[in-house]
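Here the structure is a predicted model, which is why all the values come from computation and not from measurement. As a basis for the values below, the full set of heavy atoms in this structure was taken, side chains included, without hydrogen atoms, waters or symmetry mates. Labels below follow one simple rule: chain letters A, B, ... track the order of the sequence lines, proteins then strands, and each chain is numbered from 1.
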Number of protein chains: 2
Amino acid sequence: MAHSHDHTVCVEQALAEAERICEERGSRFTDLRRRILKMIWQGHKAVKAYDLLDQLANEGGSAKPPTVYRALDFLMEEGLVHKIESLNAYIGCPHPGDSHVSQFLICDKCETVKEVTSRTLSEAVMAAATSADFAIRRQTLELHGLCSNCRQGAKAA
Amino acid sequence: MAHSHDHTVCVEQALAEAERICEERGSRFTDLRRRILKMIWQGHKAVKAYDLLDQLANEGGSAKPPTVYRALDFLMEEGLVHKIESLNAYIGCPHPGDSHVSQFLICDKCETVKEVTSRTLSEAVMAAATSADFAIRRQTLELHGLCSNCRQGAKAA
DNA sequence: ACAGTGTTGTTATGCTGTAACATTGTTGTG
DNA sequence: CACAACAATGTTACAGCATAACAACACTGT
Ligand SMILES: [Zn+2]
Ligand SMILES: [Zn+2]
Ligand SMILES: [Zn+2]
Ligand SMILES: [Zn+2]
């Protein structure tokens with residue numbers, strides 16, 4: 001988020017929801033997966049797979065790429081994490097559980113990624129697809145630019 | 001394109017336009033860049049950098065990655081080619097010259113990529129950004145699914 | 001105890017992309 | 001033409017992103 005906030009709340013909420021969702025579905029929210037999800041939630045920036053790998057290594061133990069990618073695959077399948085294609089990086093979903101299509105606002109300055117779900121936008125996407133007789137199964141919608149906060153900083157300076 | 005067509009026309013037109021645009025701007029449409037643009041236009045699918053590399057190698061000579069990536073950078077800067085982030089692949093722009101934001105319809109079956117420029121969609125994107133007080137500089141909008149042709153094939157079968 | 005399944009560890013490799021420096025080609029100037 | 005300046009390409013080396021294949025371990029239910 002651009003504005004400051006108590007981020008520990010974000011993290012705890014995300015972990016609690018993940019726990020609940022996996023419980024419901026009978027999928028296993030193991031310690032490794034929990035650790036990685038927590039790392040991804042260390043802020044509102046998208047996190048790179050190899051940064052996760054490094055952090056795992058620092059916590060002791062010798063982590064290898066598959067460890068991280070398998071956890072990421074799991075988290076994405078469960079809808080707990082999204083991949084930002086234009087960054088090759090991963091971000092926690094702020095509202096997993098309820099199925100949704102999302103769009104991302106990515107600030108190129110502070111790197112904050114905000115997930116939004118605009119109904120209007122979704123409908124426009126649908127309309128565009130329909131008029132081309134195209135059946136959407138998955139969408140990547142990533143908007144890069146400057147967040148409100150970073151633009152105000154620029155003006156002040 | 002899903003429907004069959006005389007693709008040599010597409011290619012020739014793309015190359016001619018590229019020539020014209022570079023001429024206008026005083027940028028150099030060298031032989032290498034021309035060859036690579038032509039390869040990208042071998043169809044309406046997105047092409048991978050290392051496939052271009054292989055083709056260069058096959059045409060004799062020992063091409064290395066930077067050769068390809070530099071050409072791609074040039075072509076993208078001139079707006080002759082777009083990158084499809086969700087595929088790590090590159091596709092020729094069917095209407096370079098006129099500045100535009102585009103969206104891509106990517107068929108997961110036949111791999112055809114269609115570039116569209118929907119005004120409604122662009123406006124919805126703008127509206128979503130504005131309402132989040134976000135200033136867009138670049139957008140990635142990639143819709144994966146099935147094109148009309150591939151769905152009809154499925155029904156018939 | 002045991003089989004079956006899912007998770008993690010390990011090794012190796014493939015794909016994607018760039019940094020840095022050498023060489024060659026092009027353009028304009030005296 | 002000789003020469004400087006710059007753009008483009010060649011070359012080597014490496015960094016970053018991701019998966020295949022198999023081994024070891026853990027959890028489940030019988
Ligand atoms: Zn937060
Ligand atoms: Zn920002
Ligand atoms: Zn064509
Ligand atoms: Zn298709």
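- Between A/Glu115 and A/His95, the closest side-chain pair of non-hydrogen atoms falls below 4.5 Å.
- The phosphate of D/dA18 (OP1 or OP2) has a side-chain N or O of A/Tyr69 nearer than 4.0 angstrom.
- A sub-4.0 Å separation between OP1 or OP2 of C/dA20 and a side-chain N or O of B/Lys64 is absent.
- Not a single donor-acceptor contact under 3.5 angstrom links the side-chain atoms of B/Tyr50 to the base of C/dG14.
- At a threshold of 4.5 Å between non-hydrogen side-chain atoms, the residues A/Gln55 and A/Gln42 count as touching.
- In this structure, CZ of A/Arg35 is placed 11 Å from C1' of C/dT8, rounded to the nearest angstrom.
- Residue B/Lys48 places no side-chain N or O under 4.0 Å from the OP1 or OP2 atom of C/dC15.
- Residue contacts for A/Arg70: at a heavy-atom cut-off of 4.0 Å it reaches a base atom on one of the strands shown.
- Both B/Asp31 and A/Glu85 lie close to DNA chain D; mapped to their nearest nucleotides by heavy-atom distance, the more 5′-ward contact belongs to B/Asp31.
- When the P atom of D/dG10 is taken as reference, atom CD of B/Glu59 falls 12 Å away, rounded to whole Å.
- No hydrogens or angles considered: a donor-acceptor pair under 3.5 Å links the side chains of A/Ser86 and A/Glu142.
- One can place CG of B/Leu32 at 13 Å from P of C/dT26, the figure rounded to the nearest angstrom.
- Following rounding to the nearest Å, B/Asp54 (CG) and C/dG14 (C1') show an atom-to-atom distance of 12 Å.
- Checking B/Asn88 against A/Arg28, the closest nucleotide of DNA chain C that is more toward the 5' end is the one next to A/Arg28.
- A cation-pi arrangement, defined by a distance under 6.0 Å to the six-membered ring centre and an angle within 45 degrees of its axis, is absent between A/Arg34 and A/Phe29.
- Residue-level contact check: B/Tyr90 touches the backbone only, with heavy atoms under 4.0 Å from sugar-phosphate atoms and none from bases.
- For the pair B/Asp51 CG and C/dC15 P, the interatomic distance rounds to 9 Å; values are reported in whole Å.
- If you check C/dT11, C/dT8, D/dA18 against the side chain of A/Pro66, the one that comes closest is C/dT11.
- In this structure, A/Thr67 does not reach the C/dT8 phosphate: none of its side-chain N or O atoms is under 4.0 Å from OP1 or OP2.
- For the pair A/Val113/A/Lys45, no side-chain contact is recorded, criterion being any heavy-atom separation below 4.5 Å from C-beta on.
- OP1 or OP2 of C/dG9 has not a single side-chain nitrogen or oxygen of A/Ser62 nearer than 4.0 Å.
- Between B/Asp73 atom CG and D/dT9 atom C1' the separation is 14 Å, expressed in whole Å.
- For B/Glu77 and D/dA7, the CD to P distance is 13 Å, given to the nearest whole Å.
- The distance between atom CG of B/Leu53 and atom P of D/dT11, rounded to the nearest whole Å, is 13 Å.
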